[in-house]
Amino acid sequence: MTIQILSRVKSFGGWQIQFEHASAVNNCTMRCSLYLPPQAEQHAVPLLYWLSGLTCSDENFVQKAGAQQHAAMHGVAIVCPDTSPRGEQVPDVAEAYDFGKGAGFYLSATQAPWAEHYHMDKYICQELPPLLQNEFAIEGAIDGRQGIMGHSMGGHGALTLALKNPQRYRSVSAFAPIASPMNCPWGEKALTGYLGANRETWFDYDSCHLIRQASGHKFHLLVEQGMADPFLKEQLKPELLTAACRAADYPLTLNERPDYDHSYFFIASFIGEHIAFHARQLADG
């Protein structure tokens, strides 16, 4: 696998890089952004995955979250994959913001025509890690010290990918995650379209179900929720996550932030705390 560097910009002593590459998993060209902190020039550093939400690309977090200064402070790299496959050959629903391009939902589609391209979970867990290892030589981050975090649809992705791959990730956190896609309009639309109407096939992509079924290793989940979020009651439903964690005795810190909404102003306000949380988790062991 080879990459094409699209941009490389100095930031807080490190490098903000955007690149693209041919993806065999998604059968298209994928674009990613990667921040390498200054410490990466001396030694391998841990790696955080950031999964963005609906309508976003690899650029929103890079430009709006203010994460680079915190990543440089703690010596962690951050990779931001796109939210879906892209390209003229990739199917889409032009009039829908919550399905198709920009709305991959971090799953593997089984229904036509989506199954040919929409495999974001396999892309993030199977294809992207060795690509980063080979191209950027940050083996320490890829092999043993990875964390994952995300926002909204990406918060759902971060939680589900971590819960299904505890051997891969050491830490997980989320901002305003879709807590139970099986029980909200965004999730029901996406899961029906990508996976079909049989709800039993949805279980692997629902954080609350995965938490109830969890055995062995349990993450300490860190979740941030703005209480003025317009999607709070209909789409996000953090109370379902709280109930699932309580029933399964699963460790959860849910920070309910009065007056904060769903935007990147909310993310930028607390991203430093989340990066510090991950840095501590990644340093252990």
Side-chain angles (χ1 to χ4, degrees), residues 48-56 60-61 64-67 70 78 80 83 97-98 102-107 147-164 169 171-191 205-212 214 218-281:
L48 284 175
Y49 285 78
W50 171 267
L51 307 185
S52 291
L54 287 169
T55 76
C56 290
N60 299 73
F61 178 80
K64 297 180 179 180
H70 303 289
I78 303 178
C80 306
T83 52
Y97 77 94
D98 55 356
F105 268 84
Y106 304 103
L107 50 70
I148 191 166
M149 56 182 178
H151 171 231
S152 193
M153 176 185 72
H156 135 75
L159 292 174
T160 56
L161 292 183
L163 290 165
K164 290 189 292 185
Y169 303 106
S171 58
V172 57
S173 73
F175 288 77
I178 302 173
S180 182
M182 296 183 67
N183 295 289
C184 75
W186 278 342
E188 290 179 351
K189 178 178 181 177
L191 296 174
Y205 302 105
D206 189 275
S207 299
C208 293
H209 174 79
L210 293 171
I211 286 168
R212 294 188 196 98
K218 293 184 177 182
F219 293 96
H220 180 170
L221 305 180
L222 174 62
V223 175
E224 216 71 37
Q225 179 60 61
M227 300 312 290
D229 192 318
F231 306 113
L232 179 64
K233 292 183 179 180
E234 183 180 21
Q235 304 284 9
L236 306 179
K237 302 186 177 182
E239 69 277 5
L240 298 181
L241 183 65
T242 299
C245 288
R246 184 179 297 118
D249 194 25
Y250 206 105
L252 167 69
T253 296
L254 173 62
N255 294 322
E256 298 179 335
R257 304 293 188 176
D259 301 325
Y260 282 91
D261 63 9
H262 199 70
S263 71
Y264 268 87
F265 294 109
F266 163 57
I267 295 170
S269 298
F270 303 105
I271 191 62
E273 295 181 21
H274 279 244
I275 291 175
F277 165 82
H278 284 278
R280 291 192 298 271
Q281 300 289 319

State, to 0.1 Å, how close [X] and [Y] come at their nearest heavy-atom pair, and which atoms those are.
| X | Y | answer |
| --- | --- | --- |
| Phe105 | Leu54 | CE1-CD2, 3.8 Å |
| Asp261 | Pro230 | CB-CD, 4.5 Å |
| Ala162 | Ile148 | CB-CG2, 3.9 Å |
| Ser52 | Tyr264 | OG-OH, 3.6 Å |
| Trp186 | Ser152 | CZ3-OG, 3.9 Å |
| Pro177 | Gly155 | CB-C, 3.7 Å |

Quickly, which of Glu224, Gln281, His278 forms a side chain to side chain donor-acceptor pair (under 3.5 Å) with Ser173? Name it, please.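 Of Glu224, Gln281, His278, side chain to side chain donor-acceptor pair (under 3.5 Å) with Ser173 is met by His278 alone.
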What pairs with [X] under side chain to side chain contact (heavy atoms under 4.5 Å, CB included), at least two apart in sequence or on another chain?
| X | result |
| --- | --- |
| Phe265 | Ser263 |
| Ala214 | Tyr250 |
| Ser180 | Met182, Asn183, Asp206, Cys208, Leu240 |
| Ala176 | His151, Gln225, Asp229, Leu236, His262, Phe266 |

Contacts of type side-chain hydrogen bond (donor to acceptor under 3.5 Å, both in side chains), residue [X], not counting sequence neighbours:
| X | value |
| --- | --- |
| Thr253 | His220 |
| Tyr169 | none |
| His156 | none |

Going by ring-ring contact (aromatic ring centres under 6.0 Å, His included), name the residues that satisfy it together with His70, two or more places apart in sequence or in a different chain.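 Not a single residue meets the ring-ring contact (aromatic ring centres under 6.0 Å, His included) criterion with His70.
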For Phe61, check ring-ring contact (aromatic ring centres under 6.0 Å, His included) against everything at least two apart and list the hits.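 In terms of ring-ring contact (aromatic ring centres under 6.0 Å, His included), with neighbours along the sequence ignored, Phe61 is linked to Trp50.
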Should we say atom CZ of Phe219 is surrounded by more than 12 heavy atoms from elsewhere, each under 6.0 Å from it?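 Enclosed: over 12 neighbouring heavy atoms sit under 6.0 Å from CZ of Phe219.
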Can you find a heavy atom in the side chain of Lys64 that is under 4.5 Å from one in the side chain of Ile267?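 Side-chain contact under 4.5 Å: no.
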Straight-line distance of [X] [atom1] to [Y] [atom2], nearest 0.5 Å:
| X | Y | atom1 | atom2 | answer |
| --- | --- | --- | --- | --- |
| Ser171 | Leu48 | OG | CG | 6.0 Å |
| Met149 | Ile275 | CE | CD1 | 5.0 Å |
| Phe277 | Leu222 | CZ | CG | 5.0 Å |

The test is side-chain contact (heavy atoms from CB on, under 4.5 Å); show your working for Leu241 and Leu254 and say whether it passes. CA-CA 9 Å; Leu241 183 65; Leu254 173 62; 5.7 Å; no
Set of residues satisfying salt bridge (Lys or Arg N to Asp or Glu O under 4.0 Å) with respect to Glu273, sequence neighbours excluded: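 If we apply the salt bridge (Lys or Arg N to Asp or Glu O under 4.0 Å) test to Glu273, skipping adjacent residues, the hits are Arg257.
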Of Ile178, Val172, Leu210, Ile211, the residue whose pairing with Leu159 passes side-chain contact (heavy atoms from CB on, under 4.5 Å):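 Looking at Ile178, Val172, Leu210, Ile211, the match for Leu159 under the side-chain contact (heavy atoms from CB on, under 4.5 Å) is Val172.
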Would Thr83 and Thr55 count as a side-chain contact (heavy atoms from CB on, under 4.5 Å) here? Give the steps. CA-CA 8 Å; Thr83 52; Thr55 76; over 6 Å; no
Take Ser269 and Phe175, measure what side-chain contact (heavy atoms from CB on, under 4.5 Å) needs, and give me the verdict at the end. CA-CA 11 Å; Ser269 298; Phe175 288 77; over 6 Å; no
What pairs meet the side-chain hydrogen bond (donor to acceptor under 3.5 Å, both in side chains) rule with one or both residues in residues 233-248, with sequence neighbours excluded?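 Sorted pair list comes back empty.
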